[in-house]
Structures are given as C-alpha cells and as structure tokens.
Protein chains: 2
Amino acid sequence: MAATRPTMKDVAAEAGVSTMTVSRVVNGGSAVAPRTAARVEAAVRKLGYQRDDVARQLRRTHELSQIIGLLVDDVTDPFMAAVASAAEHVARQRGSVMLIGSSRADLRREREVIAAFTARRVDGLILTPAAGSHRFLRPAQAQGTKIVCVDRAAPGLEVDAVVVDNFGAVREAVQQLVARGHRRIGYLGDTPKIWTFGERRRGYLAALGAAGIIADPALVRDGVRNGPEAAAAVTGMLALPDPPTALLAGNELLAFGALTAAPRDLAFVAFDDFALAARLTPPVTVIAQDPVALATSAAHLLFARIHGDVSPPRTVVMPTRLIRRGSGELPGPFAA
Amino acid sequence: MAATRPTMKDVAAEAGVSTMTVSRVVNGGSAVAPRTAARVEAAVRKLGYQRDDVARQLRRTHELSQIIGLLVDDVTDPFMAAVASAAEHVARQRGSVMLIGSSRADLRREREVIAAFTARRVDGLILTPAAGSHRFLRPAQAQGTKIVCVDRAAPGLEVDAVVVDNFGAVREAVQQLVARGHRRIGYLGDTPKIWTFGERRRGYLAALGAAGIIADPALVRDGVRNGPEAAAAVTGMLALPDPPTALLAGNELLAFGALTAAPRDLAFVAFDDFALAARLTPPVTVIAQDPVALATSAAHLLFARIHGDVSPPRTVVMPTRLIRRGSGELPGPFAA
DNA sequence: AGCCAAGCTGTTAACGATACCAACCAGAAG
DNA sequence: CTTCTGGTTGGTATCGTTAACAGCTTGGCT
C-alpha cells in the first residue's frame, strides 16, 4: 500500500515520451500524433493517473483556481440550504468547485474560515455576512478575490449584493395586521446588527409608527437565534398582562419555533415561505422570497466579476410576495 | 489594480531576510530571534501577506491537504443539510475545509464532482452515494483517499458506512399500521436502487408479507423524487377504486409533498422527523433518526482513517425512534 | 538536389513554499 | 588563543505541472 499517486513523469516513462507530451494529451487541444496520444492514454489508464490540480494551479498562478467559497450562517437553515444548493449548481455549470463554511453568526469564525479559503486561492466568495464590520476583507479584495453578498449587505465593504426589500415587505405585512384591527403586534428577530434583521425590524416599527401605535419593548424580541428561543419568547409574550394579538416571525426557523407555542387564534405572519404553510391550521400567511433566485443571481454576478466585470458594485433587489393564507388575516380586537 | 498577491519573496525583501526565515516566522515553532521575527511580522502586515497553501501543499506532497469533500444528493433536503452542517463542523474542528457537491442523484455527475475533488487532493470523502456501482472509486481509494458513506452503503465498494436500520424501522411502523386495522397501505419512495430506499421498501414489503397481505403494485410508488411528485402520486392512489387507508412516506421531502394532497383521515407515517410535525392536524407520526449524529460519527470515522486507522471497514448502525403523534395511530377499517 | 513549412516532440525554467544541510556568530570552555 | 557548542540564518533542490522556445522529421515545392 504505497498509496502514492502517479505523476506525469510516471506516465511519461510508461509511455516512453516526455512529460510535456503527457501534459498535451491530458489537457487536449495541442497537436499530438494519434499514435503517441493513444500510447499515452493507455499509460494513463494503466496507472490510474489523474492530473494534479494543485501543481497545475501553482504553475498557472495567474489563471483562475476554479474554486469559489460560500459562507453561510448555518446550512441547517432552509433558506441557507437553498442558497448553497443554487450557488453550487451555478459553480458546477461554470466548471468550478465550491468550498462551504458556516460562521454560526460568529464574525471571528467567519474571518477564520475566509482566511482558510483565500489561502487556497479561491477566485471568489459568496457571503451571508455576520454582524460586524467586514473591513478585514479589503486586502483580499485588493488582491483580486471577488466578493458578492446574498441576503445581506456587508457593513464596511463595497461589494455587490443581492437582497430583497426587507423593510418594505415587513412594513406592508404589519400594515395589513393593523388594518385588520391589531394593535398589539409582536416581533421576533435575530439581532438587528445583522443587516437583514435590522431592515425587517425597521419595517415593523415604521408600520406601527405610521399607524400611531407606540411600540412596546416587551413585544419586540431581538437576538432570537433558533426555534426553541422563539418558542420561549412567544410563551413569554403571551404571559404578559396585555398579550399580543398578532405576531411577525422574522424568518423560517423562528416561525417554526413560534408556531409550536402560539395558539391558533393568534394572527401570524412569517418571513419566508415553507412547504407545509398551507397545511397548518390556520394556513400560514407568509412573506415569500425566492432563495434559489437570489443565490443564482449572486453566483452569476460573482462569475461575471471573476471574468473581468469591473463595473461599480451594484445591489440587486429581488421581489417578495405576501401570500395570504389565513393566519395573517385573522381579525384583531379593533376590527371594523 | 495589479491585483497580485505578495509572496514570501516580497516579504523577505521587505524585511531584509531570506524566504526561509519568513517561512519559519509564518509557520511558527522554529527558532527565530525575536527582533528578526518582529521585523518579518511587520513586513507581513504591511504587505498583507498570507501563506499560499497551494504552493505549500505542492512542496509537502506527502502531507495532508486538509481538505475533505462532501457529496450529497441535494443540500435542499433537510436531512442532507443537517449532514452537511455536522460534517463541516467536525472538519473545522480538525483544521480542514470542506468542498461540497451535489449529485442530484445522478451517478455520472457524482463521478465528475468526485474527480474534481480528488484532483484537488482531498484527504477524504464523505458520500451519500447515488444509485449504481461505485467501483470507479477504487483507484482513488488505492491512492490513499479515505472514503466514508453516510445514510447509505455504496454498492461495489468496501468502505465505512454510518446508517440506520431502515429495514427494521419501516417494518415496525408498517406492522403498527396493520395492527391498527389497515390493509391498504401505500408506500412512497425514491428508486430502490438507492440503498436506503431499497431497505425501506424491503421493510414495508416484509411487514405486509408477515401479515399475509399481498402488496398491491398500485400502492407502491418508487422513483418519487420530490414533493410535487409525491403529491401527484398520492392523488393518484386516492383516485383508485380501492384507495389506501394508510400511507408511509419514505423521507421528509416526500412527506411534505404527500401531506399537501392527503386528507386528514388518511393514516400517515413519515421517515424523518421535522419541526412542525406536532403542529399539524393530526400531529404526524414519524420514524426519527438523528442526521447530526450520523454525520458527526461519519466525519470522526473519516478523520480517524485519514490519521492512519487501517482497521477493516465497519458499518455503524445508529438508532431510530418511532414517535407516535397521532397520524400513524388512526384506526383502519379492520380495527378490532 | 535544395529549401521551407508544417507538424510533432523535447528541454529548460519557472510557479511559491519548505526540507535538508551548511554556514555563521557569540560566548563558554580548555 | 583555539575549539566547541548552540542558537540563528541562508543556500539549494524539489514538489508536479506547464509556458516558451528549440529541435527534429517529413514531405512538398521549385
């Protein structure tokens, strides 16, 4: 079990040619006599030779590595999973492979993973940036690594981003709750330092403000990071002397948690659509976005940059859609 | 925008030392005079130098690349997402980065992605193998790439695998449906050529057989690959002159699809637990497994192999748990 | 015959980092 | 004063591949 991989030299010796000829055969395109090529191919098969892309890439330092990196909070989040799937799909179409890393919403960890990626010479990065300044990415950027954000903007960094109008979408949803007679409306979200949640929170507050409702801090829960925390937050709100009659959950995971604790007569709107939304009782009203479209767009943008697009950074805003299924249309105590 | 990354040579020139000294400082451990080290570190910071792991790895050909590869059907599947998350977590703990690829259940595509991975000298692979022979992996294996399967065995390949007792778990669940008075029980699964679905199907047929029920081909649907297909299959079954009174969905995605088409009085059991199972009407009975535990175990096994464990391949079987929530306990027409 | 073009193949020198060994220096010991 | 020791530093070759160029055939043409 020497377990040592054959090199071009081995193939060259086996076929009785120079390594250059092997290289030409392996990479195709160059003129090699058919007889010679056949001999080389036989040697390749016999030895089980496979080109070593590590060495290749070192020699071709100014070419692309055909590796991109994706950094998400956590692939377990269905939104992030859809992003990862779509990004990998585009990468494959473009002949690249994709490294994946999770920051678990920790900026230090994000930095470490990104460093490990850039050390491998990734051509570009797709990020869902954690909270905090991303200025640390500037050197990488200056050295040619392309960067695109999905779902969130990166504070302290001028890069392309593909996002939705979180502010407007949430404001519209909350306005609707108000219009149906709700005044005590709860909000669940992760920290507003994450751009997306900051926007959603602003949208919530804007809708309340426009209706002349003073936001009650007891109904605004930030930093809620997973299902169980969301469930606990909902239980807490419902135990208040003046509990909410409606609730907005900031994303899919929080919605799942909230739904395990929420009674059926609590009006409910969730950010992100999910498979069983229509099957629940009552069917769940959601603000739907299309994570596959977001990530596909981001990946295309990234590859355009990698292939030389040097236009100024742009932010692409994709549409959302309020899908009224029932839970968000339950009347409130002030219904007309 | 030269966009060219600084090398050790640049740092050496800047600090007035040799590249060897820079290497020693950058990698730590070796004896370098504090004054010299400080000068080098200053140069590193000034130039924004980062070690090039591509070159490093070429020189250190017999060391590890600290890259592993994960190959799943599709990360969008929550089971696979959990596997990916857990595997990446372990990789990070072990100082490695992880490439991810999706086969979309296509063996040819799986081969291509794996080839791209091994060309990058991955230390090991974690696979959820698609249907078909995986003998093509033997050369890679012979050259030292370690391989571990999760969720499925790989036909034609002797490797470690971490799985659950799919056969036994499904047999138990179907036995319970029979015991509650069901005779017409539907089954939804992907192709039985995928090991896991083959086992689940066998379990289903075994339970029917043991009860003296002849399986009706119209109630056994293989090759169902996603939610919409599952929904269509259910609709089809329900339109039969003698429709099923119970249904077993082979995994989470198929369950979601089936549930959108199934009436509430259809007894229902799903493989894989999911967040909202308890919130549905009726609450959904599931066969739960722990994908995080599976993947964590597989990743540990992989790293043990990478670090020299040469014991014979083993198959680890993790437990499943039948969680009775109601939908699987609905009585059938032959209930006592 | 003489010459050139076209097609094929080989030689050399990198890419950026590190293993290995040699060289240097100061101070200690003889 | 010489030799030795130990800590520090530099030189050289090399990992596997390919760009650039050089050299060799062969055959066609005049």
Side-chain angles (χ1 to χ4, degrees), chain A residues 2-41 43-44 47-66 116 118-122 143-144, chain B residues 2-41 43-44 47-66 116 118-122 143-144:
Chain A
T4 168
R5 101 190 238 156
T7 71
M8 274 195 176
K9 223 163 132 184
D10 301 323
V11 177
E14 176 73 27
V17 297
S18 74
T19 59
M20 219 26 244
T21 299
V22 177
S23 174
R24 281 189 270 251
V25 172
V26 168
N27 294 298
S30 307
V32 176
R35 295 177 57 91
T36 317
R39 221 148 23 101
V40 171
E41 273 154 15
V44 164
L47 302 180
Y49 171 79
Q50 184 187 18
R51 187 180 63 199
D52 185 331
D53 280 10
V54 172
R56 177 170 214 247
Q57 200 192 326
L58 175 61
R59 183 58 180 86
R60 308 176 66 197
T61 292
H62 300 290
E63 307 294 316
L64 298 174
S65 65
Q66 315 233 83
T118 55
R120 257 114 191 168
R121 294 196 188 169
V122 291
Q143 289 165 20
Chain B
T4 169
R5 105 187 236 157
T7 70
M8 271 196 177
K9 220 162 134 186
D10 301 323
V11 176
E14 175 74 28
V17 297
S18 74
T19 58
M20 254 332 287
T21 300
V22 176
S23 174
R24 281 189 271 253
V25 172
V26 167
N27 294 299
S30 307
V32 175
R35 296 176 58 91
T36 317
R39 220 147 27 100
V40 171
E41 274 154 15
V44 165
L47 302 181
Y49 171 78
Q50 185 187 16
R51 185 180 64 198
D52 185 330
D53 280 10
V54 172
R56 178 171 214 251
Q57 201 192 324
L58 176 61
R59 183 58 181 85
R60 308 178 58 189
T61 292
H62 300 290
E63 308 293 316
L64 297 175
S65 64
Q66 315 233 83
T118 55
R120 256 100 189 182
R121 292 196 190 169
V122 292
Q143 288 164 22

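Values below: all heavy atoms of this structure, side chains included; hydrogens, waters and symmetry mates excluded. Chain letters run A, B, ... following the sequence lines, proteins first, then strands; residues in each count from 1. Because the structure is a prediction, the values reported are computed rather than measured.
- Within 4.0 Å of B:Arg35, counting heavy atoms only, lies no atom of the nucleic acid at all.
- Among the protein residues, A:Asn27 comes within range of the sugar-phosphate backbone only, with heavy atoms under 4.0 Å from sugar or phosphate atoms but none that close to a base.
- Of all nucleotides listed (D:dA19, D:dT17, C:dT9), D:dA19 comes nearest to the side chain of A:Arg60.
- For B:Arg59 against D:dT14, a side-chain N or O and a base N or O form a donor-acceptor pair under 3.5 Å.
- The CG atom of A:Asp53 sits 19 Å away from the P atom of D:dC15 (whole-angstrom rounding).
- Contact of the A:Arg24 side chain with the A:Val40 side chain is not registered, since no non-hydrogen atoms from C-beta on lie closer than 4.5 Å.
- Here the options are B:Arg56, B:Gln50, B:Arg51, B:Gln57, the test is side-chain hydrogen bond (donor to acceptor under 3.5 Å, both in side chains), and the partner is B:Asp53; only B:Arg51 passes.
- Here A:Ala31 lies in heavy-atom contact (under 4.0 Å) with a base.
- Applying the 4.0 Å criterion to OP1 and OP2 of C:dA17, one finds that B:Thr19 has every side-chain N and O outside that range.
- Here the side chains of A:Arg5 and A:Asp10 are not in contact, with every heavy-atom distance at 4.5 Å or above.
- Nucleotide C:dT18 holds its P atom 15 Å from the NZ atom of B:Lys9, rounded to whole Å.
- Taking 4.0 angstrom as the limit, B:Thr21 places a side-chain polar atom (N or O) nearer than this to OP1 or OP2 of D:dG10.
- Place B:Gly16 and B:His62 on DNA chain D by their nearest nucleotides, and B:Gly16 ends up nearer the 5' end.
- Atom pair A:Arg56:CZ and D:dC15:C1' shows a separation of 17 Å (rounding to whole Å applied).
- Applying the 4.0 Å criterion to OP1 and OP2 of D:dT9, one finds that B:Thr36 has a side-chain N or O inside that range.
- Atom-to-atom, CD of B:Gln57 to C1' of C:dC15 comes out at 15 Å; the value is rounded to the nearest Å.
- Residue A:Thr61 places no side-chain N or O under 4.0 Å from the OP1 or OP2 atom of C:dC15.
- Annotation: side chain of A:Ser23 is in contact with side chain of A:Met8 (closest heavy-atom distance under 4.5 Å).
- Picking from C:dA17, D:dG16, D:dT17 the nucleotide with the shortest atom distance to the side chain of B:Asp52 gives C:dA17.
- Along DNA chain D, the nucleotide nearest B:Leu58 and the nucleotide nearest B:Ala37 are compared for position; the residue whose nucleotide lies closer to the 5' end is B:Ala37.
- Side-chain proximity of B:Met8 to C:dT18, D:dT9, C:dG16: nearest is C:dT18.
- For A:Glu63 and D:dT18, the CD to P distance is 11 Å, given to the nearest whole Å.
- In this structure, B:Ser18 does not reach the D:dT9 phosphate: none of its side-chain N or O atoms is under 4.0 Å from OP1 or OP2.
- Heavy atoms of B:Arg24 sit under 4.0 angstrom from at least one base atom.
- Atom pair A:Gln50:CD and D:dG16:C1' shows a separation of 13 Å (rounding to whole Å applied).
- Counting all heavy atoms, side chain and backbone alike, B:Val26 lies closest to B:Tyr49 at CG2-CE2, 3.9 Å.
- Heavy atoms of B:Val54 sit nowhere under 4.0 angstrom from any nucleic acid atom.
- Between the CZ atom of B:Arg120 and the C1' atom of D:dT17 there is a distance of 14 Å, given to the nearest Å.
- When every heavy atom of B:Thr4 is checked against every heavy atom of A:Gln143, the shortest pair comes out as O-CG, 4.4 Å.
- Side-chain proximity of B:Met20 to the nucleotides D:dT17, D:dG16, C:dA19 is greatest for C:dA19.
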